[in-house]
Amino acid sequence: MDDRIERIHSAVIARNPAEPEFHQAVGEVLESLEPVLAARPEYLDEAILERIVEPERQLIFRVPWEDDEGNIHVNRGFRVEFNSALGPYKGGLRFHPSVNLGIIKFLGFEQIFKNALTGQGIGGGKGGSDFDPHGKSDREVMRFCQSFMTELSRHIGPDTDVPAGDIGVGGREIGYLFGQYKRLRNRFDAGVLTGKALGWGGSLGRTEATGYGTVMFAKAMLATQGESLEGKTVLVSGSGNVAIYAVQRAQAEGARVVSISDSSGSVYDPDGIDFDLLKQVKEVQRGRVADYAAARPGAQLRTGEKVWTIEGADIALPCATQNEIDEDAAKELANNGVKLVAEGANMPSTPEAINVYREAGILYAPGKAANAGGVATSALEMQQNSARQQWSFDTTVGKLSEIMASIHDTCLAAADEFGHPGDYVLGANAAGFQKTADAMIQQGLV
Ligand code: NDP
């Protein structure tokens with residue numbers, strides 16, 4: 001790293017102790033900006049780097065709630081409003097026991113560049129709680145969501161900050177959150193949250209958008225090599241919203257997806273994942289991958305094992321969580337002949353894993369580009385809410401497809417411009433950063 005960039009990264013580490021994921025996300029972006037800063041020294045003169053790594057606002061709040069037995073619990077809520085240069089803060093809410101300020105800051109920081117790449121006029125933010133929805137009744141989840149929103153409602157709004165789902169936050173949670181917001185404000189502000197149900201402001205295609213978009217991005221990457229998904233074998237990790245629809249779309253493109261996983265282990269399904277069964281087990285029964293394996297002849301349950309050791313795949317789509325592919329897992333992928341990694345999850349590859357991809361010549365797209373279809377379609381939901389319209393599934397997915405193609409081409413053009421053809425990491429960071437940095441300069445020192 002260049003000296004000044006190194007100093008800024010060290011200052012971020014010193015100023016934000018015990019936040020390793022945030023340090024990692026900042027380090028990855030700063031490292032790839034060297035050629036951009038050499039070409040555009042005004043970004044250094046205007047202290048854009050020092051400003052962009054500091055969130056505009058960070059909220060931490062108490063979330064008390066009562067379980068079905070009358071016991072009182074206290075969780076911690078977060079909302080980090082990172083950067084509003086391009087529009088209202090936009091980014092999901094994550095409910096998972098691992099959530100802390102550093103995780104939310106890494107996600108919020110990534111979101112700035114991702115949202116810039118979508119071209120949709122949205123700033124970057126992220127939030128969540130260390131609440132674990134697993135094993136809770138619907139009523140318990142509702143009471144938690146109501147308590148969480150009672151505080152969050154003071155800070156959000158359709159033109160201020162627009163949360164959505166992420167890990168542990170799906171349609172059920174968005175419904176409870178919206179209901180409480182509406183009750184507190186006495187306003188039907190449809191555009192305050194995205195990922196709503198279809199009957200009251202949701203967008204067709206939003207549920208599918210992140211998984212579909214990731215596969216669309218992978219398809220565009222393959223096209224640069226004169227290849228397609230037809231006949232390819234694919235590893236997918238995770239079994240939540242992103243994974244389910246990545247499976248569906250990849251198989252619709254003629255690929256065979258042979259794996260899914262959750263935090264207890266993975267499933268190898270050599271005949272190809274049965275999408276209808278997966279959807280039934282996960283979305284209707286709220287079950288685990290073990291339930292899928294039990295119901296699917298020929299599928300093997302691999303308790304405690306990740307998917308990356310499965311042999312014979314051409315493509316890997318990590319769709320679970322951060323740092324799920326470390327150096328050893330990346331070496332397994334390379335040795336087993338995987339040629340392409342496109343990230344449905346946020347930051348699923350460690351920096352060491354990314355070095356392995358580079359050395360092995362694996363085509364690699366970071367989450368901030370490859371999974372941007374989710375937030376892009378959230379912005380399409382906001383457009384429909386403003387116009388009081390509901391577009392058809394094909395209209396929304398058609399727009400998503402155009403957006404993913406545009407993000408892909410934008411990344412490659414920026415990689416070319418800064419002398420690293422085919423480097424999607426540099427391309428995504430350079431393009432997202434420049435758009436945000438230019439807006440920050442134009443809006444003055446705020
Ligand atoms: P879900 O909660 O629907 O699913 C998450 C999946 O990942 C589950 O299978 C879960 O297993 C697994 N998982 C989560 N945490 C861990 C962990 N620590 N170790 C192992 N497995 C884990 O979330 P999403 O599908 O919405 O999100 C998946 C990823 O995609 C996240 O990185 C998210 O930030 C990213 N993303 C999501 C978007 C969206 O629109 N939803 C948009 C862009 C990115 P288990 O049930 O056992 O916890």
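A quick note: this is a predicted structure, and the numbers were derived from the prediction, not measured. Every number for a ligand or one of its atoms is a count from 1 in the order of the listing.
- An N or O contact shorter than 3.5 Å is missing between Gly238 and ligand 1 by distance.
- For Lys282, no nitrogen or oxygen atom sits less than 3.5 Å from a nitrogen or oxygen atom of ligand 1, counting backbone and side chain alike.
- For Ser261, every heavy-atom contact with ligand 1 shorter than 4.0 Å involves the backbone, none the side chain.
- Comparing Asn346, Asn241, Thr377 by heavy-atom distance to atom 44 (C) of ligand 1, the nearest is Asn346.
- The closest approach between Ser239 and ligand 1 falls below 4.0 Å for a heavy atom of the residue.
- Considering only non-hydrogen protein atoms, atom 15 (N) of ligand 1 sits nearest to His96 NE2, 3.5 Å.
- Remark: distances from the non-hydrogen atoms of Arg206 to ligand 1 include one below 4.0 Å.
- By the 3.5 Å distance cut-off applied to N or O atoms, Asp166 is counted among the residues near ligand 1.
- Heavy atoms of Arg288 found under 4.0 angstrom from ligand 1 belong exclusively to the side chain.
- Taking 4.0 Å as the cut-off, Arg94 counts as a neighbour of ligand 1 on heavy-atom distance.
- For Tyr364 and Tyr424, the ring centers are positioned 6.0 Å apart or more.
- Of the listed options Ala376, Gly92, Gly240, Gly195, Gly240 places a heavy atom closest to atom 6 (C) of ligand 1.
- For ligand 1, none of its N or O atoms has an N or O atom of Asp262 under 3.5 Å away.
- The closest non-hydrogen atom to atom 22 (C) of ligand 1, taken over Asp132, Ile260, Thr321, Thr194, comes from Thr321.
- Nearest to atom 37 (C) of ligand 1 among the protein's heavy atoms is Val242 CG2, 3.4 Å.
- Remark: ligand 1 and Ala243 share no N or O pair separated by less than 3.5 Å (distance only, no angle test).
- Scanning all protein heavy atoms for the shortest distance to atom 12 (C) of ligand 1 gives Ala320 CB, 4.0 Å.
- In terms of N/O distances under 3.5 Å, ligand 1 is approached by His134.
- Neither the backbone nor the side chain of Gln322 has a heavy atom within less than 4.0 Å of ligand 1.
- Scanning Ile167, Val289, Ile103, Thr210 for the heavy atom closest to atom 38 (C) of ligand 1 points to Thr210.
- Only the backbone of Cys319 comes within 4.0 Å of ligand 1, counting heavy atoms alone; no side-chain atom from C-beta on gets that close.
- Considering all non-hydrogen atoms of both residues, Ala342 and Pro318 come closest at O-CD, 3.4 Å.
- Less than 4.0 angstrom separates atom 31 (C) of ligand 1 from at least one non-hydrogen atom of the protein.
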